[in-house]
S.K.: 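Just dropping this structure here.
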Amino acid sequence: MKRDSSSPQLHPNKKQRRLSNRDRLNIIESIANEAHTIIETAERFKLPESTVRSIYRTFERTGRVTKLQRGGNRHPRLEQEHLSWIKDRLLQEPGLSISDLHAELNKKFRLRPPVSRNTVQNAVDKRIAYTLKLVRPQLKDYNSDARCE
């Protein structure tokens, strides 16, 4: 059985299909230009009637064919000034913990709302690309002959 080239592609690992912007445009053209009904278009594209109706209503209301971007705030809270301060602070005191760094950063810059500890951790790990190691005191005789025996 040959597939209709205009029908949306199935994603076998997903429970639902993901419609591309081209698929959405084909649905709108089917209704607006080819004078198919919503039910006929839903059958043609093997989609729920509610999905086709929603896509077409969005087009009628806003003129938009494309999907909107999903997700929350993707703007970094920490700016270059903050990152430079963190980097300088870690160079001054390499044994500083993330919790202490977090508290100092929020206090110094009076960030409102305060950035989370996780934001500071991600800034150190990913944006500054530092690796923090646990600092422990080492005994003076740690490598002495008596201790090694």
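Only this structure's heavy atoms are used, side chains among them; waters, hydrogens and symmetry mates stay out. Just so you know, these numbers come straight off a predicted model, no measurement behind them. Numbers for residues simply follow the sequence, beginning at 1.
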S.K.: To the closest 0.5 Å, what do you measure between CG (Leu68) and OG1 (Thr62)?
M.R.: 8.0 Å

S.K.: Going through the checks in order, is the salt bridge (charged side-chain N to carboxylate O under 4.0 Å, His left out) test met by Arg53 and Glu60?
M.R.: CA-CA 10 Å; Arg53 181 175 284 109; Glu60 284 183 319; over 6 Å; no

S.K.: Do Ile39 and Val52 share a hydrophobic cluster, counting only Ile, Leu, Val, Met, Phe, Trp and Tyr and linking them when any side-chain heavy atoms are less than 4.5 Å apart?
M.R.: no

S.K.: Tell me if the CD atom of Gln92 is crowded by more than 12 foreign heavy atoms within 6.0 Å.
M.R.: yes

S.K.: Can you confirm whether the side chains of Arg117 and Ser99 place a donor and an acceptor under 3.5 Å from each other?
M.R.: yes

S.K.: Measure the CG-CD1 distance between Leu83 and Ile128 for me, rounded to the nearest 0.5 Å.
M.R.: 5.0 Å

S.K.: Got a donor-acceptor contact below 3.5 angstrom from the His102 side chain to the Val115 backbone?
M.R.: yes

S.K.: Counting only heavy atoms from other residues, nucleotides and ligands, does the tally under 6.0 Å from CG of Asp88 exceed 12?
M.R.: yes

S.K.: Assess the side chains of His36 and Thr41: does a donor N or O sit below 3.5 Å from an acceptor N or O?
M.R.: no

S.K.: Can you confirm whether more than 12 heavy atoms, excluding those of Arg57, are under 6.0 Å from its CZ atom?
M.R.: no

S.K.: Taking all non-hydrogen atoms of both residues, which atom of Leu78 and which atom of Arg127 are closest, and how far apart?
M.R.: O-NH1, 2.9 Å

S.K.: Quick one about Arg24 and Thr66 (side-chain donor to acceptor, distance below 3.5 Å, no hydrogens or angles considered), yes or no?
M.R.: no

S.K.: For Asp125, what residues pass the side-chain hydrogen bond (donor to acceptor under 3.5 Å, both in side chains) criterion, not counting sequence neighbours?
M.R.: Gln121

S.K.: Say whether Ser54 and Thr51, considering side chains only, have a donor N or O and an acceptor N or O under 3.5 Å apart.
M.R.: no

S.K.: To the closest 0.5 Å, what do you measure between CD (Gln69) and NZ (Lys67)?
M.R.: 11.5 Å

S.K.: Under 3.5 Å, is there a donor-acceptor pair linking the side chains of Ser20 and Asp23?
M.R.: yes

S.K.: Go through the structure and list residues passing salt bridge (charged side-chain N to carboxylate O under 4.0 Å, His left out) with Glu104, not counting sequence neighbours.
M.R.: Arg89

S.K.: CG of Leu91 to CD1 of Ile86: how many Å apart, nearest 0.5 Å?
M.R.: 12.0 Å

